[in-house]
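Only a predicted model underlies this, so the values are computations on that prediction, with no experimental measurement involved.
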Amino acid sequence: MTLKKGQLSDAIWILLILLFLFTPLGFYAKVQLMRLFSFAPSIEKQETSQKLTDYNWQLLDVQGNRSNFSINRGEVVIINHWATWCPPCIAEMPSLVALHEDYGEKVKFIFLANDDSAKVRSYLNKKDYAIPVFFENTQTPTALKASSLPTTYILDKKGNIVLKEIGAADWNAKAVKDLLDTLLVEH
């Protein structure tokens with residue numbers, strides 16, 4: 001059985017699509033494309049429709065140490081739901097890491113991994129990321145649940161959710177930094 005010219009080009013296209021979708025090369029290509037098309041989240045003052053009232057949320061860090069989210073009450077907090085197998089999560093991670101480097105002393109960061117802890121540790125070591133990664137030990141408060149990855153929340157000092165962004169974004173953008181600066185000086 002021989003392939004005709006049209007059939008051969010169709011077969012090549014199918015092979016390229018399969019390579020793009022199901023191989024590490026395709027994963028890398030998707031990450032790079034998403035970085036190219038990631039913009040700053042819409043920072044316009046959102047109506048504060050939700051407020052976190054239940055801070056009792058048990059977390060585990062990558063070493064397995066227990067922590068309670070309640071220690072963050074009264075702080076500006078960024079919570080990022082992510083996973084190592086999620087191309088948009090990996091695409092936005094460098095901007096989140098850069099934001100953490102700039103604001104990690106002033107803003108509390110919770111990188112909530114939805115993944116196997118060994119894979120997360122391997123990813124963090126490979127990328128040389130020094131970020132506070134946690135895993136759920138008890139159920140996430142309803143106001144902070146994520147139905148898709150990545151999802152990022154910014155909370156003000158009163159527990160108001162001032163920003164919820166679904167999908168990859170450029171978190172190191174000036175608009176995000178301006179928002180954080182404003183939230184840090186608010187009482």
Side-chain angles (χ1 to χ4, degrees), residues 13-14 16-46 49-50 52 57 59-62 69 72 76-104 107-136 139-155 161-180 183:
W13 276 110
I14 290 170
L16 288 174
I17 290 169
L18 290 173
L19 283 172
F20 185 75
L21 292 176
F22 300 109
T23 67
L25 177 64
F27 183 89
Y28 178 76
K30 286 185 261 187
V31 167
Q32 295 309 316
L33 280 172
M34 287 177 195
R35 278 192 188 142
L36 214 85
F37 294 107
S38 291
F39 302 100
S42 178
I43 301 295
E44 299 155 11
K45 197 71 173 175
Q46 297 180 1
S49 58
Q50 284 195 301
L52 185 64
W57 179 24
L59 302 168
L60 294 173
D61 67 16
V62 290
F69 185 72
N72 298 302
V76 176
V77 182
I78 296 177
I79 301 163
N80 173 255
H81 294 262
W82 71 287
T84 62
W85 48 262
C86 165
C89 301
I90 301 306
E92 74 175 1
M93 191 58 73
S95 69
L96 280 162
V97 170
L99 187 67
H100 176 261
E101 288 171 359
D102 290 344
Y103 284 84
V107 173
K108 301 300 178 182
F109 285 79
I110 305 290
F111 290 88
L112 190 64
N114 183 1
D115 212 333
D116 176 71
S117 61
K119 288 180 183 177
V120 170
R121 282 192 302 276
S122 174
Y123 172 78
L124 295 173
N125 289 334
K126 179 181 173 185
K127 294 293 187 177
D128 198 29
Y129 288 158
I131 55 175
V133 175
F134 297 90
F135 302 92
E136 283 184 324
Q139 193 170 20
T140 301
T142 304
L144 300 176
K145 285 191 183 242
S147 58
S148 63
L149 297 176
T151 299
T152 304
Y153 296 90
I154 298 180
L155 283 67
I161 298 171
V162 296
L163 181 69
K164 175 183 178 182
E165 183 74 16
I166 299 171
D170 177 8
W171 292 99
N172 202 32
K174 182 180 180 327
V176 175
K177 291 179 176 186
D178 289 347
L179 173 64
L180 292 177
L183 294 175

### Task
List the steps and the verdict of side chain to side chain contact (heavy atoms under 4.5 Å, CB included) for Val176 and Leu163.
CA-CA 10 Å; Val176 175; Leu163 181 69; 5.7 Å; no

### Query
Is the side chain of Ser95 donor-acceptor paired with the backbone N or O of Trp171 at a distance under 3.5 Å, no angle test?
yes

### Message
Quick one: does any side-chain atom of Glu92 pair with a main-chain N or O of Ala169 as donor and acceptor, under 3.5 Å?
### Response
yes

### Task
Take Phe69 and Leu112 through the test side chain to side chain contact (heavy atoms under 4.5 Å, CB included) and record every step on the way to the result.
CA-CA 12 Å; Phe69 185 72; Leu112 190 64; over 6 Å; no

### Task
Side-chain contact test, heavy atoms from C-beta onward, threshold under 4.5 Å: evaluate it for Lys177 versus Leu99 and give yes or no.
yes

### Heavy-atom check, side chain of Val107 versus side chain of His100, under 4.5 Å
no

Rounded to the nearest 0.5 Å, what separates atom [atom1] in [X] from atom [atom2] in [Y]?
X	Y	atom1	atom2	value
Gln50	Ile161	CD	CD1	4.5 Å
Phe134	Asn80	CZ	CG	13.0 Å
Thr151	Ile166	OG1	CD1	4.5 Å
Tyr153	Leu144	OH	CG	6.0 Å
Ile78	Leu96	CD1	CG	7.5 Å
Ile79	Asn72	CD1	CG	8.0 Å

List the atom of [X], the atom of [Y], and the distance in Å for their closest heavy-atom pair.
X	Y	result
His81	Ala146	CG-CB, 3.5 Å
Pro132	Phe109	CG-O, 3.2 Å
Asp115	Ala83	OD2-C, 3.7 Å

### Message
Given Tyr123, which partner from the list Trp82, Phe111, Trp85 fulfils the ring pair (Phe, Tyr, Trp, His ring centres under 6.0 Å) test?
### Response
Trp82

### Message
If you count heavy atoms of other groups shown closer than 6.0 angstrom to NZ of Lys145, is the number above 12?
### Response
yes

